[in-house]
Amino acid sequence: MVATMAEETKNPGRDVPLGLISSMSAITLVYCAMSLALVGMQRYSDIDANAAYSVAFAAAGMKWARYVVALGALKGMTSGLLVGALGQARYTTQIARTHMIPPYFALVHPRTGTPIYATIAVTLGAACVALFSSLDVLASVSSISTLFIFALVAVALLVRRYYVAGTTSPAQARTFVGFLALIVLSSIGLSVYYNSGYAARWPGYVAFGALWAAGTAGLALFAEQQRAPRVYGAPLMPWLPAMSVATNLFLMGSLGSLAYMRFGICTAAMLVYYVLFSVHATYDMVHSEGQTTSAPDAATDGVEQRKIMPV
């Protein structure tokens, strides 16, 4: 959600990476400390999957601590809901600016400078879905959607770094697409193999791992980067984004078939809406304004050049 706040920072090229790295580092340290404290109180095989800390504190003779744990869990869930609404409202605002949805949701409050209508719509929509859905259904759909989006973000980072429309030569484009396809397909193959009946056999892991390494090394050696970050760029290109693709697709394989069915239904409905309405509204909006560059590229270039895009 830190990344969605780029437009509301004074120096997004510096502040957003700093916020991402510092927050993720702090979260990682806290999680490690919590895990260390948990296994320090109770043997790992005796940890209760449904109430790990409450049971562990009770086993250590600190039954009163369960109330502290409950209060912390309630605060964590509340914070998660608020942060989710914060980020989703910014997504909705950007979508409304392209007229994929009514532009009314892109309006910003004159005093607070926040997308108040998008925030209200997202919050009410999430509340209605939560009211009529069970927790396991929401968890599975949220997990597969999040992992899929993270994988797409990593792919988009590779595309932005290695491809520029009208500049990249056809030969370079074919090289990039070929190696990118090898990375994605080998990652999918590794996930499928791990969840198949052959998971105990090591040759499959070696084969798919070698294909992934070959695709990533091919990008590094034979594909020429078309863009250079002006302020901050993801390090270890293309290895880090390729690893992100493989990790997210591997984790997606651990979800059940029902999660894929629900995800497929939601995706199909959104694609129908996009094809029948959104793509035409976006096309008309762009050409009515006489724009020569795409909105996403203009927005990203503005962030990299330390500019705040106008509302």
Side-chain angles (χ1 to χ4, degrees), residues 1-5 20 23-24 27 31 48-52 72-96 98 100-102 105 115 117-157 183-185 187-196 199 241 243-279 296:
M1 297 307 169
V2 173
T4 66
M5 305 295 292
L20 286 171
S23 61
M24 290 303 299
I27 291 169
Y31 266 83
D48 191 313
N50 297 316
L74 179 61
K75 183 182 182 299
M77 287 187 289
T78 305
S79 301
L81 291 172
L82 291 174
V83 171
L86 180 76
Q88 293 296 332
R90 272 66 185 172
Y91 291 145
T92 304
T93 301
Q94 295 298 330
I95 295 172
T98 62
M100 291 185 186
I101 59 176
F105 294 106
Y117 303 112
T119 303
I120 293 174
V122 167
T123 305
L124 291 179
C128 292
V129 172
L131 182 62
F132 297 103
S133 302
S134 61
L135 181 60
D136 58 336
V137 172
L138 291 176
S140 64
V141 175
S142 176
S143 296
I144 192 171
S145 302
T146 302
L147 292 171
F148 183 70
I149 290 171
F150 285 171
L152 284 183
V153 168
V155 171
L157 177 59
I183 292 173
V184 174
L185 292 176
S187 301
I188 295 175
L190 181 63
S191 179
V192 172
Y193 185 82
Y194 178 78
N195 292 279
S196 68
M243 188 178 299
S244 177
V245 172
T247 302
N248 287 290
L249 293 180
F250 181 81
L251 292 175
M252 286 179 66
S254 64
L255 302 173
S257 58
L258 286 177
Y260 283 91
M261 183 179 69
R262 295 169 183 138
F263 178 71
I265 293 173
C266 293
T267 303
M270 293 177 185
L271 285 175
V272 169
Y273 173 81
Y274 178 77
V275 171
L276 296 182
F277 174 77
S278 297
V279 66

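All of these numbers come straight from a predicted model, not from anything done at the bench. When reading the values below, keep in mind they use all heavy atoms of this one structure, side chains included, and skip hydrogens, waters and symmetry mates.
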Nearest heavy-atom neighbours spanning [X] and [Y]:
{"X": "Y193", "Y": "S196", "value": "O-OG, 2.7 Å"}
{"X": "M1", "Y": "V83", "value": "CG-CG1, 3.4 Å"}
{"X": "A85", "Y": "T123", "value": "CB-OG1, 3.7 Å"}
{"X": "T93", "Y": "P115", "value": "OG1-CB, 3.0 Å"}
{"X": "L138", "Y": "A130", "value": "CD1-CA, 3.9 Å"}
{"X": "G256", "Y": "Y260", "value": "O-CD1, 3.3 Å"}

With a 4.5 Å limit on heavy-atom distance, are the side chains of [X] and [Y] in contact?
{"X": "S145", "Y": "F263", "result": "yes"}
{"X": "I101", "Y": "Y273", "result": "yes"}
{"X": "S143", "Y": "L255", "result": "yes"}
{"X": "M5", "Y": "L86", "result": "yes"}

Distance (rounded to the nearest 0.5 Å) between [X] [atom1] and [Y] [atom2]:
{"X": "L190", "Y": "L185", "atom1": "CG", "atom2": "CG", "result": "12.5 Å"}
{"X": "I144", "Y": "I149", "atom1": "CD1", "atom2": "CD1", "result": "11.0 Å"}
{"X": "T119", "Y": "L124", "atom1": "OG1", "atom2": "CG", "result": "10.5 Å"}
{"X": "L157", "Y": "L152", "atom1": "CG", "atom2": "CG", "result": "12.5 Å"}
{"X": "S187", "Y": "M252", "atom1": "OG", "atom2": "CE", "result": "11.5 Å"}
{"X": "M100", "Y": "Q94", "atom1": "CE", "atom2": "CD", "result": "11.0 Å"}

Just by distance, do the side chain of [X] and the backbone of [Y] share a donor-acceptor pair under 3.5 Å?
{"X": "S140", "Y": "V137", "value": "yes"}
{"X": "Y194", "Y": "G253", "value": "no"}
{"X": "S254", "Y": "L251", "value": "yes"}
{"X": "T98", "Y": "I95", "value": "yes"}
{"X": "T267", "Y": "G264", "value": "no"}

>> Taking atom CE as the centre, does M261 end up with more than 12 heavy-atom neighbours from other residues, nucleotides or ligands that are less than 6.0 angstrom away?
In response: yes
For residues 243-250, tabulate all N or O donor-acceptor pairs below 3.5 Å that involve a side-chain atom, not counting sequence neighbours.
| unit_1 | atom_1 | unit_2 | atom_2 | d |
| --- | --- | --- | --- | --- |
| S244 | OG | N248 | ND2 | 3.2 |
| T247 | OG1 | M243 | O | 2.8 |
| N248 | ND2 | S244 | O | 2.7 |

>> So, using ring-ring contact (aromatic ring centres under 6.0 Å, His included) as the criterion, who are the partners of Y117 when residues are at least two apart?
In response: Y104
